[in-house]
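The first residue in the sequence is number 1, and the count goes up from there. None of these values were measured; they are calculated from a predicted model.
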Amino acid sequence: MIGVDTNVLLRWLIDAQMVDDDAPDQTRVVEDLILQSGEQFFVNHIVIAETIWVLRNKVGQKKNIIRDVVERILHSANVVVLDSDAVSSALNTFINYPGDFSDHLIGEVNRKNGCRTTMTFDKAASKSPNFSELQR
């Protein structure tokens, strides 16, 4: 198995013109690696969160497009996602509640590890059932 960094995953997922001048060549290299190598690729939580942040904040993608992208990652035969159940659950709360994906991932990982709630000052994240807003 081979680990994948965010910049590699992004080259696989988005149009090369949206990234930078080196992207077309890098995109071809990544596509050859992922699609033709026969290897398994490991994507961890941080890479997923960074990828979604770039898609939302730098590329301007809507939540429904991001859902499709993450589902593509989760269902790729040669991609293994760290705790895919938590990522999938975080994706669902991200789609249905305000807040950043990383917040929802934190809440899901904490829930899966026995936390009944996650305390936060983040008003948007606190709308999710996995969080409770901490009052001053």
Side-chain angles (χ1 to χ4, degrees):
M1 190 169 348
I2 297 171
V4 175
D5 190 14
T6 306
N7 53 29
V8 172
L9 186 61
L10 283 166
R11 294 319 189 273
W12 181 50
L13 296 172
I14 65 176
D15 184 340
Q17 305 306 331
M18 298 175 146
V19 184
D20 62 39
D21 293 340
D22 293 330
D25 291 336
Q26 292 174 347
T27 299
R28 278 191 291 283
V29 169
V30 170
E31 286 175 350
D32 288 348
L33 176 69
I34 292 176
L35 300 175
Q36 298 174 15
S37 70
E39 294 281 352
Q40 286 278 21
F41 298 92
F42 180 76
V43 179
N44 68 49
H45 291 147
I46 297 166
V47 170
I48 294 284
E50 285 182 343
T51 297
I52 291 173
W53 186 90
V54 169
L55 292 174
R56 281 287 277 171
N57 297 297
K58 296 295 183 186
V59 181
Q61 293 296 333
K62 303 287 186 215
K63 283 186 172 186
N64 62 332
I65 299 297
I66 290 172
R67 179 193 59 230
D68 294 346
V69 167
V70 174
E71 287 179 353
R72 175 181 168 195
I73 296 166
L74 289 169
H75 296 105
S76 293
N78 61 336
V79 176
V80 175
V81 176
L82 176 65
D83 202 355
S84 61
D85 290 340
V87 171
S88 183
S89 294
L91 180 62
N92 288 331
T93 55
F94 170 70
I95 295 299
N96 294 304
Y97 294 94
D100 293 329
F101 176 81
S102 58
D103 295 323
H104 294 289
L105 184 59
I106 290 165
E108 287 297 333
V109 169
N110 290 353
R111 184 186 62 77
K112 288 190 68 150
N113 283 282
C115 299
R116 70 176 184 278
T117 192
T118 295
M119 302 305 296
T120 186
F121 288 113
D122 187 328
K123 292 193 182 303
S126 71
K127 305 283 190 253
S128 165
N130 290 325
F131 287 88
S132 297
E133 186 177 356
L134 187 59
Q135 303 291 322
R136 294 189 247 183

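With sequence neighbours left out, Lys112 forms a side-chain hydrogen bond (donor to acceptor under 3.5 Å, both in side chains) with Asp83. Residues satisfying the side-chain hydrogen bond (donor to acceptor under 3.5 Å, both in side chains) test with Lys63, not counting sequence neighbours, are none.
Of the inter-residue distances, the one linking Glu108 atom CD with Asn113 atom CG reads 11.0 Å to the nearest 0.5 angstrom. For the atom pair NZ of Lys127 and CG of Asp103, the computed distance is 13.0 Å after rounding to the nearest 0.5 Å. In this structure, CZ in Arg11 is found 10.5 Å from OG1 in Thr6, a value given to the nearest 0.5 Å. In this structure, the separation between CZ on Phe41 and CG on Asn78 is 6.0 Å, given to the nearest 0.5 Å.
Using a 4.5 Å cut-off on side-chain heavy atoms (C-beta onward), Ile48 and Asn44 make no contact. Side-chain contact check for Trp12 versus Arg72: some heavy-atom pair is nearer than 4.5 Å. Using a 4.5 Å heavy-atom cutoff, the side chains of Ile73 and Val87 are not in contact. By the 4.5 Å heavy-atom criterion applied to side chains, Arg67 and Asn64 are counted as neighbours. Taking the side chain as every heavy atom from C-beta outward, Leu55 and Ile65 never approach each other to under 4.5 Å. A heavy-atom distance below 4.5 Å is found between the side chains of Arg111 and Ser89.
One hydrophobic cluster, built from ILVMFWY side chains closer than 4.5 Å, cannot hold both Ile2 and Ile46; they sit in different ones. Tracing side-chain contacts under 4.5 Å through hydrophobic residues (I, L, V, M, F, W, Y), one never reaches Leu91 starting from Ile106; they form parts of separate clusters. Residues Trp53 and Val109 share a hydrophobic cluster, clusters being chains of Ile/Leu/Val/Met/Phe/Trp/Tyr side chains in contact below 4.5 Å.
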With side-chain contact (heavy atoms from CB on, under 4.5 Å) as the test, would you mind laying out the steps for Ile52 and Val70 before giving the verdict?
-> CA-CA 8 Å; Ile52 291 173; Val70 174; 3.5 Å; yes
Could you check Met1 against Val80 for side-chain contact (heavy atoms from CB on, under 4.5 Å), going step by step and ending with a plain yes or no?
-> CA-CA 9 Å; Met1 190 169 348; Val80 175; 4.1 Å; yes
Steps toward side-chain contact (heavy atoms from CB on, under 4.5 Å) verdict (Ile66, Phe94) = CA-CA 10 Å; Ile66 290 172; Phe94 170 70; 4.0 Å; yes
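The backbone N or O of Asp85 sits nowhere less than 3.5 Å from a side-chain atom of Ser88 that would complete a donor-acceptor pair. Judged purely by atom type and a 3.5 angstrom limit, Ser128 uses its side chain to pair as donor or acceptor with the backbone of Asn130. For the pair Asp122 (side chain) and Ala124 (backbone), a donor-acceptor distance under 3.5 Å is present. Within the 3.5 Å criterion, the main-chain N or O of Leu82 finds a donor-acceptor partner in the side chain of His45.
In this pair, Tyr97 and His104 present their aromatic rings tilted. The plane angle is within the 30 to 60° band.
At a cut-off of 3.5 Å, with distance as the only test, a side-chain donor of Thr118 or Asn110 sits close to an acceptor on the other residue.
Here the closest heavy-atom approach between residue Phe131 and residue Thr120 is recorded as CD2-CG2, 3.7 Å. What you find for Val4 and Val47 is that their closest heavy atoms are O-CG2, 3.4 Å.
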